[in-house]
Amino acid sequence: MYSIETENLTKRYGDFIAVDHVSFQVEKGEIFGLLGPNGAGKTTTIKMLTGLTPPSDGDALVAGFSIRKDPIEVKKRIGWISSEVILDDDLTAWENLEIQARLTGVKNWKDRANDLLRYFGILEFKDRRTGKFSTGMRKKLEVSMALLNSPEVIFMDEPTIGLDVNTRASMWNLIREINRDYQVTILLTTHYMEEADSLCSRIGIINKGKIIAFGSPEELKAKYGGDIIEIELKNPSKTISLENAAINNNKVRVKVNSAELALMDIIKAIGNENIKSVRINKSSLDTVFINLTGGSIEEQDFDARKFYAMIRRARR
Ligand SMILES: Nc1ncnc2c1ncn2[C@@H]1O[C@H](COP(=O)(O)OP(=O)(O)OP(=O)(O)O)[C@@H](O)[C@H]1O
Ligand SMILES: [Mg+2]
């Protein structure tokens, strides 16, 4: 059973293709991650799946309904948490929930709203203006709002961006808990490798509008990862013949499937007496991304849209 099935989902802005024939499935009940750098097409994909913008080509079924033919049915069955601020700070938590209920057409929302606030431990603050909420409380309220219409799927666009380490960790727990306790399928986007690794059962790596790899974190690491053994030499002038080795001054870097299995042979090939130190980098999603794109996810292009949005926010 799938909660999301996309087929050749595509978005063009003029000549520019922001999302390029993307096809993937998200199983009911799983936490699925779209991982990619700035401008990869993550938000645009979410905007199409939530019915905020129509696809230029292709289609997707969300909670069983076509985003092209039945966007209204889709909207009834989803929740959405944007990376931007969505709370009205002049209103109380309860009033924000009321607006959400009206926007999504949920009747008899009050019992559920109370239950959600209690579940997240913020019931006592329901009549407080959200302008006075801490970041963690705001996140809990935003998630409550997204859960108000009992959605099958929740979309979270960069749920932990801008959070400090502690708040991020509690957000991770919260995401796992609502996935478990409310049986909600979650599609989230992230820049953070360790976030996708820790939360997601499966990941699609998206770059320049295309999904370039797909699988569980373990599968991706096994397929595209590989460990890296780094050896510092005492005598760099001695010639070394090793497969998959890059030699730079007094350092040799060797890419292997398993460092534990390969290490002894590599030490033998170089010669015990010539080795000053050995370092092992175990395969991570970072190495996966570098292997797939030839660049680190941290090397992000300047994004004018984000920059202007930031200035607008600062001016408010
Ligand atoms: N309304 C628009 N008009 C023109 N181009 C757009 C529009 N929205 C997005 N784009 C472009 O589409 C590309 C994908 O943008 P998108 O916001 O989906 O990326 P993203 O993966 O969410 O990036 P980030 O990690 O920075 O949020 C970018 O090059 C962006 O500039
Ligand atoms: Mg985005």
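We count residues from 1, following the sequence as given. Start at 1 and go down the list; that is how both ligands and their atoms are numbered.
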Requested in this report: Could you establish whether Gly41 and ligand 1 come within less than 4.0 Å of each other, counting only heavy atoms on the residue side?
Outcome: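 Gly41: in contact with ligand 1 (<4.0 Å).
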
| task | May I ask whether Lys11 places a heavy atom under 4.0 Å from ligand 1? | result | no

Please report whether ligand 1 has a polar contact with [X], defined as an N or O pair separated by less than 3.5 Å (distance criterion only).
X     : value
Gly36 : no
Gly39 : yes
Thr44 : yes

Are there over 12 heavy-atom neighbours, none belonging to [X], within less than 6.0 Å of that residue's [atom1]?
X      : atom1 : answer
Arg279 : CZ    : no
Lys282 : NZ    : yes
Glu243 : CD    : no
Gln25  : CD    : yes

Run the numbers for me: atoms of ligand 1, each under 4.0 Å from some heavy atom of [X], listed by number.
X      : value
Glu158 : 24 (P), 25 (O), 27 (O)
Ala18  : 12 (O), 13 (C)
Thr43  : 17 (O), 18 (O), 20 (P), 22 (O), 27 (O)

Problem set entry | Part of His191 within contact of ligand 1 (heavy atoms, under 4.0 Å) |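 Contact part for His191 vs ligand 1: side chain (C-beta onward).
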
Within 45 degrees of the ring normal and closer than 6.0 Å to the centroid, is that where the cationic atom of Arg202 sits relative to Phe24?
no

Any salt bridge (Lys or Arg N to Asp or Glu O under 4.0 Å) involving residues 116-131? Give me the pairs, sequence neighbours left out, ordered by first then second residue.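 The answer is Asp115-Arg118.
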
With sequence neighbours left out, the residues meeting salt bridge (charged side-chain N to carboxylate O under 4.0 Å, His left out) with Lys221 are Asp197

Q | N/O/S from Thr44 sitting under 2.8 Å away from the Mg ion (ligand 2) | A | no

